[in-house]
Amino acid sequence: VRSVKRLTLLLSAVLLGGPPAAAQPLPPTSALAAEAARTLNDPIFPGLGQLGLDVRHYDVALTVAEPGTPGLSGSVTLTLTATRPLAEVRLDFFGPTVTAVRWNGQAVPFRVDGAAQKLIVMPPTPLLPGQEARLSAEYQGTPGVILDPDLDLPVPLGWQSVPGEGPRAGANFTLSEPNGTHTFLPSNDHPSDKATFTTRVTVPQGYAAAASGLEGPVVGGNGPQTFVFTQAQPIPTYALAVHVNRFERVTAPSVPVGVNGSPVVRRDYFPVGTPQGVRTVYARTDEMLRVLSEWFGPYPFGAYGVAVVTPRLPALETATLSTMPPTASERTAVHELAHQWFGNAVTPAGWADVWLSEGFATYAELLWTESQGGDGQAVAARWHDTLARGGTRPLVAVQAGQLFDRSAYQRGALALHALRAATGDVAFRAFLHAYTARFSGSTLTTADFLTFARARTGPAGEAALRPWAESPGLPPLPPSSSSR
Ligand code: LEU
């Protein structure tokens, strides 16, 4: 499987135009460990983030002058606070050349450490806990390419460029999970530091931009136009969507499944010429929103839809606007929608806990199957079979190659199936509602999850989860939960 993935990786690099000439090959994530003393010390990605830094908001402006080519110019203003005194701010950045940095409007010294993938900024005085500062950075050129050999993913991460070909227009988009956002945006690029975003994207006439959040009025007339989006609820950095393409924006009536029944704006973006068969996969998004919000609680954001891309990459649950390859199935559509609750609203505190995203999103596939009259227990049995044949591990990942493996997905889902079998459907549903109400907008670890499960479902619920969380072997298939 590995060599097939390696080949796909090479192929997709070629299809995407390959790494830009200026990009340096990356050291493995393990080589960035020296940085760890000052970072968040994520056991999987020790180089990411800065200890004590809390980014509240990113106000991002990107200009894409030639869609389909990698170049961009950007400017971002971060609203910062700190939980410990910071004499310097060390943002993750593996992006274009930085031309200016300002601190509360005043030019300040900075340097770029390419090996550590950091933009290091020296404020006039240390940032102290309780203070707020605005850090602005301007940059221009070619984003870096993260092709991490430790990470078993068939795609270079971060800012993607797809050259035009025949009738197909050139396009750009983000595909950043887990650590690609800092190829195009100086950021505290770790899921434990969620933030809100304003994203302004300027594109040539005839193109459209799409990004996470609610769309504001388009600015500009003849010539370049600026599309503006507001993501008002905090999200992890990897979940920021930015898309540039010749798009058809297809709207549908909003669906009243938000907090207190508030309307969820519905819009999908299809590249001009997207075949009907690709669009059909999203024909039942409204019903998916209803089914999943009954299980999980109110939909956590103000909008939902998909942006379809042309390369055959993995799908990604970018916030409010999932990024979908043309090959995605209805099952994938449900999976990415479920990630809006689990991943984007309720976020794992570190990469080791990524099953809290993938296990829940995978379980949503079973819930959808049942809602359509299908046999959920048969789905669970297939997952169990896959794990029995292919091997498995405890839920907390210990290396990068495990982040998106079948244990994160199927074993994580079976842990929830076990909790449901132990508690019955009514209590399981109540648990899920309480869980999203408690952790929406914040982050948690696997230990926090087990503590919360015990508090809500008692020792029986926790006892059902423990072997899935901790046993090196494969626990038995949980029985079907009759509607108790
Ligand atoms: N989170 C994605 C998913 O929905 C996977 C990622 C590696 C692109 O499965």
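Counting convention: from 1, in listed order, for ligands and their atoms alike. Every value quoted in this text rests on a predicted model; they were computed, and no experiment measured them.
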N-O pairing of [X] and [Y] below 4.0 Å:
X      : Y      : value
Arg420 : Glu370 : yes
Glu294 : Arg290 : no
Arg284 : Glu287 : yes

If you measure only the distance, is there a donor-acceptor pair under 3.5 Å linking the side chains of Thr237 and Tyr58?
no

Mind jotting down which protein residues get a heavy-atom contact under 4.0 Å with ligand 1? Chain and number order, please.
Leu153, Glu177, Pro314, Ala315, Leu316, Glu317, His335, Glu336, His339, Glu358, Phe404, Tyr409

Would you say that Pro143 contacts Phe94 through its side chain, given a criterion of any heavy-atom pair below 4.5 Å between the two side chains?
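Contact flag for Pro143/Phe94 side chains = no.
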
Got a sec, which residues hit ring-ring contact (aromatic ring centres under 6.0 Å, His included) with Tyr282, two or more places apart in sequence or on another chain?
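Partners of Tyr282 by the ring-ring contact (aromatic ring centres under 6.0 Å, His included) criterion come out as none, since no residue qualifies.
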
